[in-house]
Engineer: 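One structure follows; several queries about it will come next.
Note that this is a predicted model, so its numbers are computed, not measured. In the text below, chain A, chain B and the rest are named by the order of the sequence lines, each starting its count at 1.
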There are 2 protein chains.
Amino acid sequence: MRVRLEDVARAANVSPKTVSRVLNDEANVTEATRQRVRAAMEAMDYRPHPSARSLAGNRSFLVAMLYDNNDNPSSTYLAEIQDGVLEACDAHRYSMMVRPLRMRDGDFIRRFDALISDHHPDGVVLTPPLTDYAPLLKRLRERNVPYASVSPLRKGKTLGVTMDEQQAARAIVDHLLALGHRRIAHVIGIANHGASRWRLAGYRDAMAAAGIPEDPALVVQGAFTFASGVAAARQLLSLPTRPTAVFAANDDMATGVMWAAGEYGLKVPQDLSVCGFDDTPLSRQLWPALTTVQQPSREMGKMAAEQLLGELRNHGSGRLVQVPFSLQIRGSTAAAP
Amino acid sequence: MRVRLEDVARAANVSPKTVSRVLNDEANVTEATRQRVRAAMEAMDYRPHPSARSLAGNRSFLVAMLYDNNDNPSSTYLAEIQDGVLEACDAHRYSMMVRPLRMRDGDFIRRFDALISDHHPDGVVLTPPLTDYAPLLKRLRERNVPYASVSPLRKGKTLGVTMDEQQAARAIVDHLLALGHRRIAHVIGIANHGASRWRLAGYRDAMAAAGIPEDPALVVQGAFTFASGVAAARQLLSLPTRPTAVFAANDDMATGVMWAAGEYGLKVPQDLSVCGFDDTPLSRQLWPALTTVQQPSREMGKMAAEQLLGELRNHGSGRLVQVPFSLQIRGSTAAAP
DNA sequence: TAGCAAATTGACAGCGCTGTCATTCCTGCC
DNA sequence: GGCAGGAATGACAGCGCTGTCAATTTGCTA
């Protein structure tokens, strides 16, 4: 029934060990032999048994993706990253498991340990905000588990992917400035996310460069959710002199701002320009469509996984790569009234 | 370093096989022995090696969750189901893998076969619309892979979870009728989802029971997305005599309807009542909050997985369970104007 | 109290692969 | 032409567990 490595070996007239070598792309196999073995594998539709490989080779061909579904309300973002990670794992014939792990939980490390002991992943992909949770990083190093991060805050010797979010945020605020806006508000994201800090920093950079002193009333705290965007906007739009533009730290909050603008009888973009960050599918579906920064989440998940897999293959090859951003100028921003 | 079953056996002064029996909850072990072995496992923090178990026992302790990320735009819904499935798998010490599989792709079955051959899942959890994709179900049976479905359309000998969506839809339309509405519109979901049919059927049941003949102009096609809700609402609100209430087949579309109402200068709920289906987090964040049907997605994922795992443990024990729904009457519905 | 069936326990092989190390096969060079 | 040295290949054990079946113990009955 099942085709085993031994069967392939017999068909190709070589020893099982040689088939194993071909399977694992090892050196010291003549090209002719390699071809012959590959042909036999193909012809017999051979599929190595992952458990056998794992048991004998002492590795699992498993990558675990960790996320915190408590402090990360945007399931769309996570879903896209997950898709990307999965794609990369698939291409390299690794399997992937996902794992919610809540930083707020007291037994975080115990759960993490259990994950490692139970499943022996060869490596781990970290998503915000876990990318910078010190106890986790410490434990990963102690247990000698390679990991790659998506958008880590601290960029040391970490593997993974980043985007220059600060530059991106600055660019989008520059866009608002270029449209003549001066009273530009910012809605901050969840505090412990690097994203929140960078986007705020980019906002400040742009404002400072334009010579506009910061008005504390225009910088309000949000939480990356639609509801927090609505609340923040209500606060901003109730101001004696309200802003003419709002840069929200993500699209969900920007949508909330647009919603709230409706409540106040303000037209977007005529009365209020609004922009977000992430370029979620939602942003294109709104009317007017949302001006935002394209963050290629799926691609970032894929690249992070690829760095990890590269590192697993030949130690030391993993890097921290940076992906480019691009502004998506759409209907929600216009010249200042 | 690693604690093996053999080590536990030595510590408990029994044979490895007996430890294995305890590990797998097999019969024919005296309670005293069982306790002794359990104590030893506990004391040594023994973790069975999944690959070894899998290889020797010819099972993988793996559940694959299949989804179609093409025809299923609501990542929130999938994320919740995934969380639920994961929770159940965890509790039973199974691992879970997720797998996007697009019905539209020509090589669907080939990909599915590859999944099974490569990973040997002990069972599969199906999410809509895969729950009713005939070629997939056929292949699952041919390959003898047990599966459980979340909200399957056809309820035969299928294992899994359902909700009486038709009753639920009827209940929510009854709610609108009780508020005095007569011109009630419905926005349908994606065609090949059971959910779309049931919700439409429930709408019709309620209208018929109230003696209101169906007005075809009031029943428009949507696609479960926010944008499709906006489009559908524009169509409805442009009608010579527009509806006083809209029942959208899910919350995302209902949100689109509320959005479009704003465009037309209509106040919700004073001028237009809107209700959705699913009780996504979004529905509570809107203002006014959305009247909707609570569909416990996370719980449903968990229960589907539990039926599957039960079936795996003792063949024949899996069932098709039904979860109750509940209306969430909130601010988006009010008496007819 | 012997005698027998059922319950409990254990010995042993083997799941399908890879690591280690031995063996064979080539090269190129004196 | 013979030989060193490296490249290619293979033999074999064993990864950590479970299935099979045999051995032993237990609990009953007569």
Side-chain angles (χ1 to χ4, degrees), chain A residues 1-38 40-41 44-62 93-95 116-120 122 312-313, chain B residues 1-38 40-41 44-62 93-95 116-120 122 312-313:
Chain A
M1 39 149 285
R2 179 184 189 86
V3 179
R4 289 155 309 149
L5 182 138
E6 188 192 338
D7 304 320
V8 176
R10 201 173 302 119
N13 197 32
V14 293
S15 74
K17 179 69 218 189
T18 298
V19 178
S20 170
R21 285 194 181 93
V22 173
L23 185 64
N24 294 289
D25 283 323
E26 285 174 24
N28 298 334
V29 180
T30 52
E31 197 47 38
T33 309
R34 206 179 285 272
Q35 297 290 344
R36 192 150 36 92
V37 172
R38 286 241 171 81
M41 283 177 169
M44 308 173 81
D45 191 29
Y46 169 67
R47 309 283 184 155
H49 195 301
S51 301
R53 286 228 290 171
S54 164
L55 184 58
N58 195 32
R59 52 198 178 146
S60 59
F61 296 96
L62 209 210
R93 315 205 120 236
Y94 269 67
S95 49
I116 302 297
S117 304
D118 285 341
H119 302 280
H120 304 279
D122 288 340
L312 294 179
R313 186 170 298 270
Chain B
M1 41 149 284
R2 183 185 185 83
V3 179
R4 289 154 310 149
L5 182 139
E6 189 193 336
D7 305 322
V8 176
R10 201 171 305 118
N13 197 31
V14 292
S15 74
K17 178 67 218 191
T18 297
V19 178
S20 169
R21 286 195 180 94
V22 174
L23 185 63
N24 294 290
D25 283 322
E26 284 173 25
N28 296 335
V29 179
T30 50
E31 198 46 37
T33 309
R34 204 179 286 274
Q35 297 290 344
R36 192 149 37 92
V37 171
R38 287 241 170 81
M41 284 178 168
M44 307 173 84
D45 191 29
Y46 169 68
R47 310 283 184 154
H49 193 301
S51 302
R53 286 231 283 176
S54 163
L55 184 59
N58 196 32
R59 55 201 176 140
S60 60
F61 297 95
L62 210 207
R93 314 204 122 237
Y94 270 67
S95 49
I116 302 298
S117 304
D118 284 343
H119 301 278
H120 304 278
D122 288 340
L312 293 178
R313 186 171 296 270

Engineer: Roughly, in whole Å, what's the span from CZ in R59(A) to C1' in dT18(C)?
Structural biologist: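 Nearest whole value for this atom pair: 9 Å.
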Engineer: Any chance you could measure N28(B), atom CG, to T33(B), atom OG1, to the nearest 0.5 Å?
Structural biologist: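 The distance works out to 11.5 Å.
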Engineer: Which nucleotide wins on minimum distance to the side chain of R4(B), given the candidates dG16(C), dG16(D), dG19(D)?
Structural biologist: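 The nucleotide sitting nearest to the side chain is dG16(D).
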Engineer: So, does N58(A) get its side chain near the phosphate of dT18(C), meaning an N or O under 4.0 Å from OP1 or OP2?
Structural biologist: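 Indeed not, no polar side-chain atom of N58(A) lies that close.
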Engineer: Could you state the CG-P distance from L23(B) to dG16(D), rounded to the nearest angstrom?
Structural biologist: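 Rounded to whole Å, this separation is 15 Å.
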Engineer: Can you check the K17(A) NZ to dG14(D) P distance for me, whole Å?
Structural biologist: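 Distance check: K17(A) NZ to dG14(D) P gives 16 Å.
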Engineer: Polar-atom pairs under 3.5 Å, protein N or O versus N or O of nucleotides 4-7 of chain D: list them with distances, or write none.
Structural biologist:
none

Engineer: Mind checking T33(B) for me? I need base, sugar-phosphate or nothing, with any heavy atom below 4.0 Å counting as a touch.
Structural biologist: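 Here T33(B) touches the backbone only, sparing every base.
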Engineer: Give a yes-or-no answer on whether the side chains of N24(A) and R53(A) include a donor-acceptor pair shorter than 3.5 Å.
Structural biologist: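 Short answer, yes.
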Engineer: Measure the distance from CZ on R2(B) to P on dG14(D) and round it to the nearest whole Å.
Structural biologist: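 Roughly 19 Å, once rounded to whole Å.
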Engineer: To the nearest Å, how far apart are L5(B) CG and dC15(D) P?
Structural biologist: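 Going from L5(B) (CG) to dC15(D) (P), I get 13 Å.
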Engineer: Taking CZ in R10(B) as the centre, count heavy atoms belonging to other residues, nucleotides or ligands within less than 6.0 Å. Is the count above 12?
Structural biologist: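 Yes, because the 6.0 Å sphere around CZ of R10(B) holds more than 12 heavy atoms from other groups.
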Engineer: Would you mind telling me which residue lines up with the more 5' stretch of DNA chain C, A27(B) or L55(B), judged by nearest nucleotide?
Structural biologist: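 Its nearest nucleotide being more 5', the pick is A27(B).
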Engineer: Less than 4.0 angstrom between a side-chain N/O of Y46(A) and OP1 or OP2 of dC17(C), yes or no?
Structural biologist: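 Result: yes.
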Engineer: Can you check whether any acceptor in the base of dG16(D) is under 3.5 Å from a donor in the side chain of R47(B), or vice versa?
Structural biologist: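 Answer is no: no donor-acceptor pair is held.
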Engineer: Hey, mind stepping through R21(A) and V37(A) against side-chain contact (heavy atoms from CB on, under 4.5 Å) and telling me if it holds?
Structural biologist: CA-CA 10 Å; R21(A) 285 194 181 93; V37(A) 172; over 6 Å; no
Engineer: Can you measure F61(B) atom CZ to dC15(C) atom C1' for me and round it to whole angstrom units?
Structural biologist: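 For the pair F61(B) CZ and dC15(C) C1', the rounded distance is 14 Å.
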Engineer: Between dG16(C) atom C1' and D118(B) atom CG, what is the distance in whole Å?
Structural biologist: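 After rounding, the reported distance stands at 15 Å.
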Engineer: Indicate whether OP1 or OP2 belonging to dT18(D) is found under 4.0 Å from a side-chain N or O atom of S20(B).
Structural biologist: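 Answer is yes, contact under 4.0 Å.
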Engineer: Report the distance from atom CG of D122(B) to atom OG of S54(B), rounding to the nearest 0.5 Å.
Structural biologist: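 Those atoms lie 7.5 Å apart.
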Engineer: How long is the span from the CD atom in E6(B) to the OH atom in Y46(B), to the nearest 0.5 Å?
Structural biologist: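 Answer for the CD-OH pair, E6(B) versus Y46(B), is 10.5 Å.
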Engineer: Check each of R47(A), H49(A), R2(A) against H120(B) using the side-chain hydrogen bond (donor to acceptor under 3.5 Å, both in side chains) test, and report the only one that passes.
Structural biologist: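 Single side-chain hydrogen bond (donor to acceptor under 3.5 Å, both in side chains) partner of H120(B) among R47(A), H49(A), R2(A): R2(A).
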Engineer: Given atom CD of E6(B) and atom P of dG14(D), what is their separation to the nearest angstrom?
Structural biologist: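 That distance rounds to 12 Å.
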Engineer: Please tell me which of R53(B) and R21(B) maps to the more 5' nucleotide of DNA chain D, matching each residue to the nucleotide holding its nearest heavy atom.
Structural biologist: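 So the residue in question is R53(B).
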Engineer: Pick the nucleotide of DNA chain C nearest each of R36(B) and A56(A); which residue has the one closer to the 5' end?
Structural biologist: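 Looking at DNA chain C, the more 5' nearest nucleotide goes with R36(B).
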Engineer: Going through the checks in order, is the side-chain contact (heavy atoms from CB on, under 4.5 Å) test met by R36(A) and N13(A)?
Structural biologist: CA-CA 9 Å; R36(A) 192 150 36 92; N13(A) 197 32; 4.2 Å; yes
Engineer: Of the options dG10(C), dG19(C), dG16(D), whose atoms approach the side-chain atoms of T18(B) most closely?
Structural biologist: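 Of dG10(C), dG19(C), dG16(D), dG10(C) is nearest to the side chain of T18(B).
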